[in-house]
K.L.:
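Quick one: structure below, then a few questions.
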Amino acid sequence: MKIAFISDIHEDYKSLQKALKLISEENCDHIICLGDIIGFALPFYRYIDDRDANICIKLIKENCTTAVIGNHDLFGIKKIPEFKSGFNYEEDWYDKDYNYRSKKAQNRIWLYEDNEIKVKLNDASKDYLSTLKEVQFFEAGELRLMVSHFCYPDFSGSAIFFPSQSFHLEKHFNFMNENLCSISFSGHGHPEGAIRVTEDKFASLKFGKHKLLNESQWIVVPCVARTTRANGILFLNTLEKEIRTVPLK
């Protein structure tokens with residue numbers, strides 16, 4: 001079985017179309033989207049005139065077997081995360097004054113309004129995003145995969161934190177084990193290639209082929225959106241027990 005993973009599209013419909021064309025040439029059995037279909041932050045992206053959230057959501061809905069919701073998607077529909085990573089969101093959180101939320105957040109969670117262009121979603125896009133879960137489990141031959149935008153207990157990536165050492169993923173690996181998964185895939189990190197973390201090693205993987213390990217592993221896939229980093233997609237071949245990251249440029 002061959003599975004393609006795409007993530008962090010951030011309204012870049014041209015790059016998404018390029019990614020889907022490349023995936024179609026690979027004869028994949030499934031396409032999985034790892035979230036952040038929408039969300040355009042001015043400091044990070046380079047396609048202000050080539051963005052369309054509704055086109056991107058339509059393409060994901062039409063082409064992906066499975067999709068999960070990311071932090072920017074949640075903000076787009078003003079939905080509070082299910083997995084809150086210890087932060088106490090108030091029920092009317094998005095109706096609160098920005099300064100109030102900023103003071104309470106204390107740089108623990110993203111607020112978005114300080115650098116993100118407001119997205120215009122049609123009703124179909126809002127309805128689709130509202131159906132997406134923060135974590136999903138996927139049977140891929142002999143493998144049981146866990147897919148999410150980020151790691152437990154912050155599956156949506158709403159908190160301001162990114163792990164840099166293996167022990168930061170202890171709770172994530174425990175959650176994987178409880179759900180009988182040896183491999184999990186996430187986005188959010190925008191790596192040039194991929195990131196692979198085991199219970200004792202944190203490694204960056206360049207674009208190309210890499211064999212799966214015979215132990216629990218968390219794999220972060222590249223982003224589709226055009227940024228200052230090289231963008232790309234990831235393929236999982238369950239027969240060959242390998243992953244392959246391919247740049248879009």
Side-chain angles (χ1 to χ4, degrees), residues 1-8 23 26-36 64-71 81-85 132-159 161-224 232-246:
M1 182 182 292
K2 184 182 287 187
I3 302 171
F5 290 88
I6 56 177
S7 188
D8 297 274
I23 290 169
E26 294 279 340
N27 296 315
C28 291
D29 300 287
H30 300 282
I31 305 174
I32 295 178
C33 175
L34 299 174
D36 272 4
C64 292
T65 308
T66 299
V68 292
I69 198 163
N71 55 306
E82 177 185 354
F83 293 86
K84 301 176 176 61
S85 193
L132 299 183
K133 298 179 180 179
E134 292 177 30
V135 60
Q136 293 268 45
F137 301 95
F138 192 88
E139 306 296 335
E142 298 177 356
L143 300 175
R144 177 172 164 82
L145 312 178
M146 187 171 83
V147 297
S148 55
H149 186 60
F150 198 41
C151 57
Y152 180 86
D154 180 29
F155 280 133
S156 67
S158 297
F161 171 75
F162 197 91
S164 58
Q165 298 185 59
S166 294
F167 72 86
H168 292 153
L169 275 296
E170 182 179 356
K171 292 181 180 179
H172 184 78
F173 285 121
N174 288 341
F175 191 92
M176 287 173 58
N177 293 334
E178 290 171 5
N179 288 277
L180 306 178
C181 297
S182 60
I183 307 175
S184 69
F185 289 89
S186 299
H188 194 56
H190 298 201
E192 292 189 316
I195 294 171
R196 177 163 61 195
V197 185
T198 64
E199 294 185 23
D200 60 5
K201 188 175 182 180
F202 195 105
S204 294
L205 306 178
K206 294 181 179 180
F207 282 106
K209 292 183 179 181
H210 303 275
K211 281 291 184 181
L212 291 177
L213 304 176
N214 292 319
E215 56 185 304
S216 294
Q217 55 203 294
W218 176 57
I219 297 171
V220 182
V221 314
C223 69
V224 167
I233 55 181
L234 182 144
F235 296 101
L236 166 66
N237 189 318
T238 62
L239 184 63
E240 300 294 333
K241 299 286 179 66
E242 70 178 18
I243 57 173
R244 177 168 60 96
T245 47
V246 179

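All of these numbers come straight from a predicted model, not from anything done at the bench.
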K.L.:
Is the backbone of Ile243 close enough, under 3.5 Å, to the side chain of Asn237 for a donor and an acceptor to pair up by distance?
P.N.:
no
K.L.:
Rounded to the nearest 0.5 Å, how far does CD1 of Ile32 lie from SG of Cys64?
P.N.:
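Rounded to the nearest 0.5 Å, the SG-CD1 separation comes to 8.5 Å.
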K.L.:
Is a side-chain donor or acceptor of Ser148 paired with a backbone partner of Cys151 at a separation under 3.5 angstrom?
P.N.:
no
K.L.:
Do Phe137 and Asn179 have side-chain heavy atoms sitting under 4.5 Å apart?
P.N.:
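Yes, their side chains come closer than 4.5 Å.
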K.L.:
Not counting sequence neighbours, which residues clear ring pair (Phe, Tyr, Trp, His ring centres under 6.0 Å) with Phe161? List them please.
P.N.:
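Scan of Phe161 (ring pair (Phe, Tyr, Trp, His ring centres under 6.0 Å), adjacent residues dropped) gives His168.
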K.L.:
Mind listing the closest non-hydrogen atom pair of Ala159 and Asp154 along with its distance?
P.N.:
N-OD2, 3.1 Å
K.L.:
Within this structure, what is the CD1-CD1 distance for the pair Ile3 and Ile23, rounded to the nearest 0.5 Å?
P.N.:
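Rounded to the nearest 0.5 Å, the CD1-CD1 separation comes out at 12.0 Å.
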K.L.:
Take Leu212 and Gln217 through the side chain to side chain contact (heavy atoms under 4.5 Å, CB included) test and state the conclusion after the steps.
P.N.:
CA-CA 9 Å; Leu212 291 177; Gln217 55 203 294; 4.0 Å; yes
K.L.:
Tell me which pairs pass ring-ring contact (aromatic ring centres under 6.0 Å, His included) where either residue lies in residues 175-200, with sequence neighbours left out.
P.N.:
Phe5-Phe185, His10-His190, His149-His188, Phe150-His188, Tyr152-Phe175, Phe155-Phe175
K.L.:
Could you tell me whether the side chain of Lys241 reaches within less than 4.5 Å of the side chain of Asn214, counting heavy atoms only?
P.N.:
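Counting from C-beta outward, Asn214 and Lys241 never come under 4.5 Å.
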K.L.:
How far apart are the closest heavy atoms of Leu145 and Ala140, and which atoms are they?
P.N.:
CD1-CB, 4.0 Å
K.L.:
Does any part of the side chain of Val147, heavy atoms only, come nearer than 4.5 Å to the side chain of Ser186, both counted from C-beta?
P.N.:
no
K.L.:
Can Leu132 and Val68 be said to form a side chain to side chain contact (heavy atoms under 4.5 Å, CB included), step by step?
P.N.:
CA-CA 5 Å; Leu132 299 183; Val68 292; 5.9 Å; no
K.L.:
To check you understand the geometry: which heavy-atom pair defines the closest contact between Val220 and Gly187, and what is its length?
P.N.:
CG1-O, 3.4 Å
K.L.:
Going by side-chain hydrogen bond (donor to acceptor under 3.5 Å, both in side chains), name the residues that satisfy it together with Ser156, two or more places apart in sequence or in a different chain.
P.N.:
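Ser156 satisfies side-chain hydrogen bond (donor to acceptor under 3.5 Å, both in side chains) with Ser158 once adjacent residues are dropped.
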K.L.:
Using side-chain heavy atoms (C-beta onward) and a distance below 4.5 Å, is Met176 in contact with Ser184?
P.N.:
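When only atoms from C-beta onward are counted, Ser184 and Met176 do touch, with a gap below 4.5 Å.
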K.L.:
If I compare all heavy atoms of Gly189 with all of Phe162, which pair ends up nearest, and what's the gap?
P.N.:
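Answer, listing the atom of Gly189 first, then Phe162: CA-CE1, 3.5 Å.
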K.L.:
According to salt bridge (charged side-chain N to carboxylate O under 4.0 Å, His left out), does anything in residues 139-148 pair up with another residue at least two apart or in another chain? List the pairs.
P.N.:
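Every pair satisfying salt bridge (charged side-chain N to carboxylate O under 4.0 Å, His left out) with a residue in residues 139-148: Glu139-Arg144.
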K.L.:
Could you check whether any side-chain heavy atom of Leu236 comes within less than 4.5 Å of a side-chain heavy atom of Ile219, counting everything from C-beta outward?
P.N.:
no
K.L.:
To the nearest 0.5 Å, how far apart are SG in Cys181 and CZ in Phe173?
P.N.:
12.0 Å
K.L.:
Rounded to the nearest 0.5 Å, what separates atom OG in Ser85 from atom NZ in Lys171?
P.N.:
7.5 Å
K.L.:
Please list, one pair per line, the donor and acceptor atoms closer than 3.5 Å that link side chains of residues 202-209 to other protein atoms, with sequence neighbours excluded.
P.N.:
none

K.L.:
Under a 4.5 Å cut-off applied to non-hydrogen side-chain atoms, are Pro153 and Phe83 in contact?
P.N.:
no
K.L.:
Distance from Ile69 atom CD1 to Glu82 atom CD, nearest 0.5 Å?
P.N.:
11.0 Å
K.L.:
Please determine whether a side-chain nitrogen of the Lys or Arg among Glu26 and Arg244 lies less than 4.0 Å from a carboxylate oxygen of the Asp or Glu.
P.N.:
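So Glu26 pairs with Arg244 through a salt bridge.
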K.L.:
Could you walk me through whether Glu199 and Phe167 pass side chain to side chain contact (heavy atoms under 4.5 Å, CB included), step by step?
P.N.:
CA-CA 7 Å; Glu199 294 185 23; Phe167 72 86; over 6 Å; no
K.L.:
Starting at CG of Leu169, measure out to OG of Ser216 and round the result to the nearest 0.5 Å.
P.N.:
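With rounding to 0.5 Å, CG (Leu169) is 11.0 Å from OG (Ser216).
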K.L.:
Only counting residues at least two apart or in another chain, list the ones meeting salt bridge (Lys or Arg N to Asp or Glu O under 4.0 Å) with Glu240.
P.N.:
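With sequence neighbours excluded, Glu240 shows a salt bridge (Lys or Arg N to Asp or Glu O under 4.0 Å) to no residue whatsoever.
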K.L.:
Go through it in stages, so that I can follow the logic: the residues are Ile233 and Val221, the test is side chain to side chain contact (heavy atoms under 4.5 Å, CB included), and I'd like the CA-CA distance, side-chain angles, deciding distance and then a yes or no.
P.N.:
CA-CA 7 Å; Ile233 55 181; Val221 314; over 6 Å; no
K.L.:
Just by modelled atom types, is the Leu234 backbone N or O under 3.5 Å from a matching donor or acceptor in the Thr245 side chain?
P.N.:
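No, because the side chain of Thr245 does not come within donor-acceptor range (under 3.5 Å) of the backbone of Leu234.
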K.L.:
Is the shortest side-chain heavy-atom distance between Ile31 and Ile6 below 4.5 Å?
P.N.:
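A side-chain contact exists here, since the closest heavy-atom pair is under 4.5 Å.
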K.L.:
Indicate yes or no: at least one non-hydrogen side-chain atom of Glu215 is less than 4.5 angstrom from one of Asp200.
P.N.:
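When only atoms from C-beta onward are counted, Asp200 and Glu215 do touch, with a gap below 4.5 Å.
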